[in-house]
**Q** 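Got a structure here, written out as structure tokens. Questions coming.
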There are 2 protein chains.
Amino acid sequence: MPTLSEVARRAGCTPATVSNVLRNRGRVGALTRQRVLEAVEALGYQPHLAARALAEGRAPTIALMVSSIANPFYPEFALAVERAARSSGHFLIICNTNEDPLAGRAYLEQIAGTLSEGVLVMNANLDFADLHKTEARGAPVVLCMWERPHEPPGLPCVAVDFRLAGQLAAQHLLELGHRRIGAIVASKAAGIHAARYDGFVDALRAAGLDAAQAPVRHARDTTQGGYRATRELLETHPQLTAIFATNDLPALGALHAAADLGLQVPHDLSVVGITDIQLAQESRPALTTVAVPTVEAAELAVSLLRELIEASPRGIRAAAKAPRVCITSAPKLVVRGSTQAPRAERS
Amino acid sequence: MPTLSEVARRAGCTPATVSNVLRNRGRVGALTRQRVLEAVEALGYQPHLAARALAEGRAPTIALMVSSIANPFYPEFALAVERAARSSGHFLIICNTNEDPLAGRAYLEQIAGTLSEGVLVMNANLDFADLHKTEARGAPVVLCMWERPHEPPGLPCVAVDFRLAGQLAAQHLLELGHRRIGAIVASKAAGIHAARYDGFVDALRAAGLDAAQAPVRHARDTTQGGYRATRELLETHPQLTAIFATNDLPALGALHAAADLGLQVPHDLSVVGITDIQLAQESRPALTTVAVPTVEAAELAVSLLRELIEASPRGIRAAAKAPRVCITSAPKLVVRGSTQAPRAERS
DNA sequence: CTGAAAGCGCTAACAG
DNA sequence: CTGTTAGCGCTTTCAG
């Protein structure tokens, strides 16, 4: 691989000049520029990113921490992040923590601040102390999908009003006339999805229902998890006419469970999820869900991270004011085929 | 972030010595080592990866080129690649080409050899010329899922016998008694999936059938694509009893189409796919498919890349012998609920 | 066993 | 306008 000085030699000037023309710094004579450009072309020169990073004191990548890229929601998000990162001149490093805080820590320690300029964190079961440590080392951190806009996490974040999402889902069911609704909370880590469930409860209350009366099951955030939870729910509470799930994957599982129990969705059972992942459109029936602004969140996260990077000139911590919280636009109900009014008005 | 020399100062020695203890080079006195380790600990020192990369002339990352990480197959593969990369000391950069050869080229030119030591290529619609160019610049390239083990592509690759996969799928259908089988070829780029279709034809021939008699549709490699193709196929050839799709996503689409046409799968129509992605287990009915050794392919790809990296000491091209081809273990038929013997023996 | 010195490829002042 | 001079943080001979 040709280097700057090889280009310089060929163009009959110094590396500094070549650098200048390449980055449009300092004025360079038209003729010199011309010769430099030719030399670059002839040699097929490409700047050495590691060298540049070292000299500039900044890295050309950002990291995305995620528990497992194989969860169908993450790739959609990752794709949007990558696009945004790309257009701000960064490459994306994917860090699968596999739900293991130690793996997460190892990643953070190794790349934050040396290979990656900043870190984006999707639900990845990380230790907050580790995150603060990486911040302190000079690598900004942004939480990508904070669930409670009004309860800041003590770290910069983009927040989605998931409580509202829960409300919207529940309201939809209530408006259709459902009164006996089972809830599935997909809480891998404690507390995650709590806001969504809170919203569900809000809506029930607002409709004058006793929320304690609605049966709940916790499940893993997978189709399987939702499948099992639904079967349990329906076995113990056969009179349920609808299922509210805090995420699409378990909602999809509910669809399967219903099929296996001989229930027609939405005729015998309505199902609603949250997020609106790709798959939600592809199930049979298609899933009614509350769409979360994924792409917007990804873009906000990257631009917030960028801002923080710019604002921390070589490791100087920003003043100790409260970390920024960016709020996305509101989640929106998407009605598809998995919900309708309950069949029997009397239960 | 503390640097090597800060550690050295604190430990009362020189950077060179610190470097030595950290990488177990050159002998270091037990006592010095002790002090160095303490200093490292006290300062929370972490090596600066970009600096190390520059000094060593090697990069700590590899790149995975993929057309879009949002295609459900890729994340599964990417996860396996990341694990393998990790355990060989590399980080993974995800490069979504978005099916755009120009985007792919831009990636290759920028990172190959400077940020990434090597490049893994999933079907990403890249220009082979670009790949050869990046090889020539000193960054090894490995194709991750070459479809024809016996027709080497002129680049190092890991090959999966997809022709066999096609055969297995077709044989399964034939053994069940199907004779009127429609084929869906999911060929985003020309020729991709051709091997799978060839295998299908092989099996038909072997069974004494006229392959020309089996209707074929080309489709995009998506559920949607499979959906449309299936509807077309069934409208023009209502007597079909089975659908063979070259990939799982279109096969899943076939399932949906059947449902919309009022056909029971597998009772009225059998469907078989290839790959065995996660989703294949989750459809209703679950999809019969030919499983491809994804994880194995990912691991082979990374280890082949590693080998090539080691073998090319700083950009010296290996001798011009034919590039290596690693062959994975054979694809295997996985029978699930979407296939059974055709209902009417007479069509 | 440890230190001194050179350099990886590039950028960033500051002179000329 | 262009060249000179220092590094960025680390590794790596090669002396001591």
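Just so you know, these numbers come straight off a predicted model, no measurement behind them. Proteins get letters first, then strands, A, B, ... in listed order; numbering begins at 1 in each.
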**Q** Among all residues two or more places apart in sequence or in another chain, which pass the side chain to side chain donor-acceptor pair (under 3.5 Å) test with A:R9?
**A**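 A:R9: no side chain to side chain donor-acceptor pair (under 3.5 Å) contacts found.
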**Q** Applying side chain to side chain donor-acceptor pair (under 3.5 Å), which residue pairs with at least one partner in residues 34-51 of chain A are found, sequence neighbours left out?
**A**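 Counting only pairs at least two positions apart or across chains, the side chain to side chain donor-acceptor pair (under 3.5 Å) contacts touching residues 34-51 of chain A are A:Q34-A:E38.
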**Q** Which residues in residues 29-44 of chain A have at least one heavy atom lying under 4.0 Å from any atom of DNA chain D?
**A**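 A:G29, A:T32, in order of number.
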**Q** Choosing from D:dT12, C:dG9, D:dG3, which nucleotide comes nearest the side chain of A:H48?
**A**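 Closest of the options to the side chain of A:H48: C:dG9.
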**Q** Rounded to the Å, how far apart are B:L22 CG and D:dG9 C1'?
**A** 13 Å
**Q** What residues form a salt bridge (charged side-chain N to carboxylate O under 4.0 Å, His left out) with A:E307, not counting sequence neighbours?
**A** A:R324
**Q** Partners of A:Y107 by ring-ring contact (aromatic ring centres under 6.0 Å, His included), sequence neighbours excluded?
**A** B:F91
**Q** Which pairs, protein N/O on one side and nucleotides 5-8 of chain D N/O on the other, fall under 3.5 Å?
**A**
residue, atom, partner, partner atom, Å
D:dC8, O2, A:A55, N, 3.2

**Q** In whole angstroms, how far is the C1' atom of C:dT11 from the CG atom of A:N20?
**A** 9 Å
**Q** Nearest heavy atom decides the nucleotide; on that basis, is A:Y45 or B:G12 closer to the 5' end of DNA chain C?
**A**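 Its nearest nucleotide being more 5', the pick is B:G12.
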**Q** Among residues at least two apart in sequence or on other chains, which ones pass side chain to side chain donor-acceptor pair (under 3.5 Å) with A:N98?
**A** none
**Q** Excluding sequence neighbours, so at least two apart, what forms side-chain contact (heavy atoms from CB on, under 4.5 Å) with B:P75?
**A**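 Only A:I69, A:P75 meet the side-chain contact (heavy atoms from CB on, under 4.5 Å) criterion with B:P75.
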**Q** Just to verify, what does B:E296 make a side chain to side chain donor-acceptor pair (under 3.5 Å) with, not counting sequence neighbours?
**A** B:S329
**Q** Residues two or more places apart in sequence or in another chain: which of them pass side chain to side chain donor-acceptor pair (under 3.5 Å) with B:R10?
**A**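 Counting only residues at least two positions away or on another chain, B:R10 forms no side chain to side chain donor-acceptor pair (under 3.5 Å).
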**Q** Quick check: does any side chain N or O of B:W146 sit under 3.5 Å from a backbone N or O of B:E151, one acting as donor and the other as acceptor?
**A** yes
**Q** Which residue pairs pass the salt bridge (charged side-chain N to carboxylate O under 4.0 Å, His left out) test with at least one member in residues 115-124 of chain A, sequence neighbours excluded?
**A** A:R58-A:E117
**Q** Dot-bracket, DNA chain C: Watson-Crick or G-U, under 3.5 angstrom, [ ] crossing, | other strand?
**A** |||||||||||.||||
